[in-house]
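As a basis for the values below, the full set of heavy atoms in this structure was taken, side chains included, without hydrogen atoms, waters or symmetry mates. Here the structure is a predicted model, which means the values were calculated and not measured.
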Amino acid sequence: MTTPFIPLVSRREMLRRTALGFGSIGLAGAMQSAGLLGTASAATNDVSGLHFAPRAKRVIYLFMNGGPSHVDTFDPKPALKDHEGEIPDSNGRKKKGGYVPSPFAFSPQGNSGVVMSELFPHLASRADDLCVIRSMHTDVPNHEPGLLLMHSGNQQPIRPSMGSWISYGLGTENDNLPAFVVLAPRRPVIGPFLWSNSFLPGAHQGMAVDTNDLSVDKLVTNLRHPSLARDQQRQQLDLLKQLNQLHLAGRPQDAALEAQIQAMETAYQMQSEAAEAFDISREPESLREAYGKTVFGQQCLLARRLCEHGVRYVQVYYLSKDNNQPWDTHTNNDEGHRKLCKDADQATAALLTDLKQRGLLDDTLVVWGGEFGRTPYAELKEGAKPGRDHHHTGFTVFLAGGGVKGGLMYGSTDELGMHAVENRVHVHDLHATILHLLGIDHERLTYHYSGRNFRLTDVHGRVVKEIIA
C-alpha cells in the first residue's frame, strides 16, 4: 500500500511565511526536515539560503550563572584603591558598602596584551584568541529578568531563546541529533524558559541533558529499545507516522501535533548516533584530565563532541548540585571567585585549545559570561566577609573563534567600573552580532505570530562590526 504524501506545512502557511516571515531560511529548514531538500549536509553547506556567508557554523555558550565580577576578572580598576571605602551615590540613594578594590593582580597576556586577572592562568595562554567586551550593559539587575533578557531578548518568559532562533534559522548539520542541546547538572533559575521555543515550532526547543551522571545511557535515556530490533522499530515508527499524518491532514495548523511527529522521528534517529556523540568515555584520559574532572569541565568536553557531530548550538551552564547561581557572590566574593575561576579557567582554556587543535575554532563561536556583572562596591552582611551585589550597567563577556577578532579588548567602563561608557554593547547588540557571525541578518530572522512578526532582537540591536575579523 502506497501512502499518499501529506505536507507538514500547508500551502497557505507556506505562502504566508515566505511573504512575511523569515522565508528563505525558515522554509528551507522545514522543507529539509520533511526530506524535500536532500541531505542535511548538502543544505547546510550551501550558504545561498543565508543572508550572507557565515563566519561561524555553530555556537558554544558557556554561561556563568549568577554573574561574574568584571572588576575581579577582565576589567581592572586601579582607581578603586584611591576611592576605597567611599560610599557611591546612586540616584540620591547611598549604598551601604563602599568601593572595594580587587585583591587580584592584573597583567597583559599574549602577544596582544589582553589584560586579565591572575585567576585565569590557563586562559592567559589563549589570550590572543579572546575578544573581551568590557562595555556590556543590560536593563535590569535581577536574576530572573536578566537571565531571560540574555537568553531571549525579552524580560518576560514569552519569547523563544536564542538557541531556538538559531535552530529555526539554520537547522542542524546532523539529522540524527537535535540542533540545540542544553547541558546542566540541575535546573538554573527560570529553568526551561531559558531554552524554550515559545511560539516557534516545537522541534526547536533545546534538548535538556542532566549531566550529574555522564554515563551515556544516563545522559540520553532509552537509547536502546528493550525488545525490538532497529528494522522493527523503523516499521513501527513508519506506521505510527502514517497514522499521525492522516490525523494531521485535517489539522494542518496544529503545531503541537507536527512537533510530536518530528520528536518521535528525531528520537529514533538519535539511537544510531547519540551513543557515540554523548559518550565522553571515548576521549583519552589525558584529555579528560586537561578539561578538569569537574562537572563543568566534562560538560565543556561534551559540548565539543556534540559540535563535532553537527549540533548547532550548545548551552553549557555553570551550576552545582546545591547551587543554581554559583557566581552570585553576595558574600565572600574574593574566595568565591578564586574557587569558581579555577574551575572555569581550566575548562574554558582546554575547550579553546581542543577546538583549535582540531581545526574547529575558526567556525565555532565560543561565548563566555553571565546575565550581568557585580558591583565595584561591597555588599555587607553581618557575620560574613564582604561580597559584591548584582550590577547591570557595566560588565564583561568574552567571545572566541567563529570570526571574531582575537586579542582584542573592546569598549570600557568608567574608572570605577560602574557604567559602560565607551563603545557600549547592549544584550540586543550581542545577539545581533552572534546571528551576523552565523550568516543571519537579525532584522530578517522573523516569525509571524499573533498578528505580527517577532525577532530575537525585537526592535533593537546593532551588529558590533568592530569585533569581527
Side-chain angles (χ1 to χ4, degrees), residues 44-45 47 50 52-64 73-74 109-114 116 120 122-134 136 162-163 166-167 169-170 172-173 179-181 183 287 290-291 296-297 299-316 318 344-370 396-411 425 429-440 463-469:
T44 52
N45 289 334
V47 300
L50 299 172
F52 31 78
R55 304 299 302 275
K57 292 182 178 180
R58 62 197 73 87
V59 177
I60 299 175
Y61 201 133
L62 307 179
F63 201 84
M64 306 297 114
T73 53
F74 297 97
Q109 301 293 338
N111 296 325
S112 56
V114 169
M116 60 183 71
F120 296 100
H122 293 89
L123 268 176
S125 67
R126 300 258 60 94
D128 293 334
D129 294 318
L130 304 186
C131 174
V132 182
I133 302 177
R134 292 171 156 182
M136 285 296 303
M162 178 164 59
I166 291 171
S167 171
L170 298 180
T172 181
E173 292 184 292
F180 177 17
V181 175
L183 304 178
L287 187 60
Y291 274 85
F296 182 69
Q299 284 181 165
C300 288
L301 176 55
L302 178 55
R304 190 225 79 208
R305 287 188 62 85
L306 293 175
C307 283
E308 272 189 314
H309 283 78
V311 175
R312 184 74 67 179
Y313 189 96
V314 184
Q315 187 86 33
V316 182
Y318 192 108
D345 170 54
Q346 179 177 351
T348 305
L351 174 63
L352 297 180
T353 300
D354 199 7
L355 288 170
K356 193 156 193 173
Q357 290 175 346
R358 294 168 186 270
L360 290 170
L361 188 58
D362 286 345
D363 58 8
T364 301
L365 179 65
V366 178
V367 186
W368 190 101
T396 297
V397 303
F398 73 74
L399 296 81
V404 300
K405 293 178 181 177
L408 177 68
M409 294 177 290
Y410 182 80
V425 179
D429 305 327
L430 179 64
H431 290 167
T433 305
I434 291 172
L435 293 181
H436 180 91
L437 290 166
L438 290 165
I440 298 172
V463 175
V464 187
K465 294 184 178 179
E466 298 87 349
I467 73 169
I468 298 175

Note, [X] side chain near [Y] side chain (heavy atom, < 4.5 Å):
X: L437; Y: V59; answer: no
X: M409; Y: F74; answer: no
X: Y410; Y: V425; answer: yes
X: L399; Y: T433; answer: no

What pairs with [X] under side-chain contact (heavy atoms from CB on, under 4.5 Å), at least two apart in sequence or on another chain?
X: A350; value: Y291
X: S125; value: none
X: Q109; value: S107, M116, A124, A127
X: R305; value: E276, I280, R282, E283, H309

What is the distance from atom [atom1] of [X] to atom [atom2] of [Y], rounded to the nearest 0.5 Å?
X: L170; Y: I440; atom1: CG; atom2: CD1; result: 4.0 Å
X: W368; Y: D345; atom1: CH2; atom2: CG; result: 9.5 Å
X: M136; Y: D429; atom1: CE; atom2: CG; result: 7.5 Å
X: Q299; Y: Q315; atom1: CD; atom2: CD; result: 11.0 Å
X: Q346; Y: T348; atom1: CD; atom2: OG1; result: 10.0 Å
X: L361; Y: I60; atom1: CG; atom2: CD1; result: 9.0 Å

* Could you walk me through whether I166 and L435 pass the side chain to side chain contact (heavy atoms under 4.5 Å, CB included) check? -> CA-CA 8 Å; I166 291 171; L435 293 181; 3.8 Å; yes
List the atom of [X], the atom of [Y], and the distance in Å for their closest heavy-atom pair.
X: A344; Y: M64; value: CB-SD, 4.3 Å
X: V311; Y: A179; value: CG1-O, 3.5 Å
X: G297; Y: A347; value: CA-CB, 3.6 Å
X: C300; Y: L351; value: O-CD1, 3.7 Å

Taking only residues two or more places apart in sequence, or in another chain, which ones meet [X] in a ring pair (Phe, Tyr, Trp, His ring centres under 6.0 Å)?
X: Y61; value: F63
X: H436; value: F52
X: F296; value: Y318

I'd like to check the side chain to side chain donor-acceptor pair (under 3.5 Å) partners of [X]; sequence neighbours left out, ordered by chain and number.
X: D362; result: none
X: S167; result: H204
X: T364; result: R58

* Asked: Is the backbone N or O of G439 less than 3.5 Å from a side-chain atom of R55, with the two atoms forming a donor-acceptor pair by type?
  ->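 Pair absent, no side-chain N/O of R55 close to backbone of G439.
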* Asked: Donor-acceptor pair, K405 side chain versus E466 backbone, under 3.5 Å?
  ->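 Judged by distance alone, yes, a pair lies under 3.5 Å.
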* salt bridge (charged side-chain N to carboxylate O under 4.0 Å, His left out) against D354, all qualifying residues, sequence neighbours excluded ->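 D354 satisfies salt bridge (charged side-chain N to carboxylate O under 4.0 Å, His left out) with R304, R358 only.
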* To do: List in chain and number order the residues that pass salt bridge (charged side-chain N to carboxylate O under 4.0 Å, His left out) with R126, two or more places apart in sequence or in another chain; answer none if no residue qualifies.
  =>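 With neighbours one apart ignored, the set is D129.
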* To do: Give the C-alpha distance, both sets of side-chain angles, the deciding distance and a yes or no for side chain to side chain contact (heavy atoms under 4.5 Å, CB included) between L130 and L352.
  => CA-CA 10 Å; L130 304 186; L352 297 180; 3.8 Å; yes
* Asked: Run the side chain to side chain contact (heavy atoms under 4.5 Å, CB included) check on L438 and L365 step by step: do they pass?
  -> CA-CA 9 Å; L438 290 165; L365 179 65; 6.0 Å; no
* To do: Verify side chain to side chain contact (heavy atoms under 4.5 Å, CB included) between L183 and L306, making sure each step is shown before the conclusion.
  => CA-CA 11 Å; L183 304 178; L306 293 175; 4.3 Å; yes
